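Residue numbers begin at 1 in each chain, while the letters A, B, ... track the order of the sequences. Only a predicted model underlies this, so the values are computations on that prediction, with no experimental measurement involved.
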Amino acid sequence: MHGRRDGRSGRAAAAAQQDDAAPRAVAHVVRPEDHLREEPVTDAHLDGQAAEERAARRAKVAALRDAGRDPYPVRFDRDATAAGLHASHGDIDAGAETDVEVRIAGRVLLLRRQGKLIFATLRDGTGAVQLFVSKAAIGDEGFAEIDDLDLGDWIGVTGTVMKTRKGELSVAVRSCTLLAKSLRPLPDKWHGLADVETRYRQRYVDLISNDEARRVFEIRFAIIGAIRSALSERAFLEVETPLLHPIPGGATARPFVTHHNALDLDLYLRIAPELYLKRLIVAGLEKVFEIGRVFRNEGISTRHNPEFTMLELYEAFVDYTEMMALTEELIACAARAAIGTTAVTWDGHDLDLAPPYRRRTLIDLVRDHAGVDVHPSQPVGDLQVMCDRLGVTYDDEWGPGKLVLEIYEKTTEHAVVEPTFVLDYPREVSPLARAHRDDPVLTERFELIVGGREIANAFSELNDPADQRSRFEEQARLASMGDVEAHGVDDDYLRALEYGLPPCGGMGMGIDRLAMLIAGVGSIREVVLFPHLRPEGG
RNA sequence: GGGCCGCUAGCUCAACGGGUAGAGCGUCGGACUUUUAAUCCGCAGGCACCGGGUUCGAGCCCCGGGCGGCCCA
């Protein structure tokens, strides 16, 4: 992300406790303050049906309290889950009734009332199972209580495992306890919640009603879990470094500023963990990684959320070629863990994330796509002429490296579709990367581009303190000329380098973008649970 | 920051050349002992995002604002 303006994601840049006899939800005395809680939250603006429905549901809560029952009992001890039942009893015969008694809890999603029978769909964290309620079996009173449930209510039931004549695995309900009343109606049971804005603002409703939303987040968190365990297996140590930085560093991006009152000190939410992680390599930890949030005070778009999740890792004694191997292994491993395959479709492209990925230098790719030979050793004037010819706009102060990068980004990057390690970025735009062993105006740096978008960024790390100091000084010069994204000078980091940073490779990966890629979704907001939006109601 | 699009019942969506709005789901009432988005019958439910303007009359046309989506910078 050195020198990049768009702030991309890369680095530099119940156990159920079983009581004996008849465990059940524990009712308790109605507390005097309970009635206060029944004041509506914010539905003064609601009219008609919505208000009536909530009033009706609140009345049910009040009726329960009047009857000495707790509509929000403290706990429910379950001994079965939906998925567990399907696994253990999925193969019993249609029409079979077992005497296996289970206690299961979840949210009521569908109710099919049919006279003296009620079928309900109950969903818990593992899946869904049908409830079968027979008036004859449960008695008039128990039946009436279930008949009184609303879609969205949380309940716990006891019952026996059976299968209906049509072959649907069910729990024949013997008793049912309301665990939490839902006061608001769920979205359309078939279409779910479609309004994008409401889906983001009320993600809890999105996740209740949309299978696709749940699928995407299962993928996201499977990816993170897979990466974490893959790195642990490779003896990487997971560490935590500060989120509050006295000097924002490790990337070129505008930071969020905050203030520590006791110290009377401005601090910055980190834009990258890089410099702290490399301090740990100085310390001798050798293989470290961190998965965590970084913050960049930039625009919000399909590809940018002001806070996003980054993986950064560093390994002593290796260079960026090892980082390539590790990057492609991690991505393939994450894809297999999350969706069972490395074949994905993204933005209309069918892609295979199985290693090895193509490796091409940035300069070669620009030659292929833009038809020009560029190199940061060329005179600025020549590169400006090339920009003019290619329709690439630039600032007069830009050096040759920045011009080369700009030409690449405007003409080439978006066209790099298949997973590709783009190698050897200009030194001028890579202030934390080691100079290339064969060409000092380049660095040993790659970005992994997939579908035209950056997924990861890595280097052979710059460990020469004198070189690093001069890079910082150059950044300070840019800052003094008004570049708000220029890298800050971090004297303590330089001091650390003077103790000796062993040769090492480092890599940063945007987890949100990886999740988008593997889940096949086009907006970062689809993979962030609670994306940032402007406040409601202006 | 610019362009285009959207905002109508709790949810999903319609309609019309300007003439104060419809359906499905859900709710409410009724029927129903093997349903699967159950089905069938019936009743309710609307400050059309907000504010101005034009008009006899605006959800629709015009202006301003809000929030969102997509594309571009």
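In summary, A:Glu212 and A:Arg215 engage in a salt bridge, as defined by a charged side-chain N under 4.0 Å from a carboxylate O. Ion pair A:Glu101/A:Arg174 flagged as a salt bridge, since at least one NZ, NE, NH1 or NH2 atom sits closer than 4.0 Å to an Asp/Glu carboxylate oxygen. Look at A:Lys163 and A:Asp93 and you find no salt bridge, because none of the NZ, NE, NH1 or NH2 atoms lies under 4.0 Å from a carboxylate O.
Shown here, B:rC70 forms a base pair with B:rG3; the pair counts as Watson-Crick or G-U wobble because both key distances fall under 3.5 Å. Both distances falling under 3.5 Å, in either a Watson-Crick or a G-U wobble arrangement, occur for no nucleotide opposite B:rA37. Base-pair partner of B:rU20: not found among the strands shown (Watson-Crick or G-U wobble, both distances under 3.5 Å).
In this structure, the nucleotide among B:rU27, B:rU36, B:rA38 sitting nearest to the side chain of A:Leu110 is B:rA38. Candidate nucleotides B:rU12, B:rC28, B:rG68 were compared by shortest atom distance to the side chain of A:Asp150, and B:rC28 ranks first. The side chain of A:Glu197 lies closest to B:rG68 when the candidates are B:rU33, B:rG68, B:rU12.
Comparing A:Leu193 and A:Leu111 by the nucleotide of RNA chain B whose heavy atom lies nearest to each, the residue mapping closer to the 5' end is A:Leu193. Where A:Thr164 and A:Pro187 each meet RNA chain B at their nearest nucleotide, the meeting point lying more 5' is that of A:Pro187.
Under the salt bridge (Lys or Arg N to Asp or Glu O under 4.0 Å) test applied with A:Asp150, the options A:Arg54, A:Arg107, A:Arg184, A:Lys60 reduce to a single match, A:Lys60.
Looking at heavy-atom distances under 4.0 Å, A:Tyr200 makes contact with sugar-phosphate atoms alone, never a base. Residue A:Ala56 is out of contact with every strand shown, counting any heavy-atom pair closer than 4.0 Å. A:Thr302 comes within 4.0 angstrom of the backbone, heavy atoms only, and of no base. At a threshold of 4.0 angstrom between heavy atoms, the contacts of A:Gly192 are confined to the sugar-phosphate backbone, with no base atom among them. Looking at heavy-atom distances under 4.0 Å, A:Arg165 makes contact with a base.
Between the side chain of A:Asp188 and the base of B:rG24, at least one donor-acceptor pair of N or O atoms lies under 3.5 Å.
Nucleotides B:rA31 and B:rA37 are separated by 25 Å at their P atoms, to the nearest Å. Between B:rU55 and B:rC49, the two P atoms lie 23 Å apart (nearest whole Å).
Residue A:Arg54 contributes atom CZ, which lies 15 Å from atom P of B:rC28 at whole-angstrom precision. What separates CD of A:Gln114 from P of B:rA38 is a distance of 11 Å, to the nearest Å. Between A:Arg199 atom CZ and B:rC11 atom C1' the separation is 14 Å, expressed in whole Å. The interatomic distance linking A:Arg201 (CZ) with B:rG66 (P) rounds to 14 Å, in whole Å. Atom CZ of A:Phe143 and atom C1' of B:rU33 are 9 Å apart (whole Å).
Proximity of the aromatic rings of A:Phe132 and A:Phe119 is defined here by a centroid distance below 6.0 angstrom, and this criterion is met.
For the pair A:Arg113 and B:rA38, the criterion of a side-chain N or O lying under 4.0 Å from OP1 or OP2 is not met. Side-chain nitrogen and oxygen atoms of A:Lys189 include at least one within less than 4.0 Å of the OP1 or OP2 phosphate oxygen of B:rG26.
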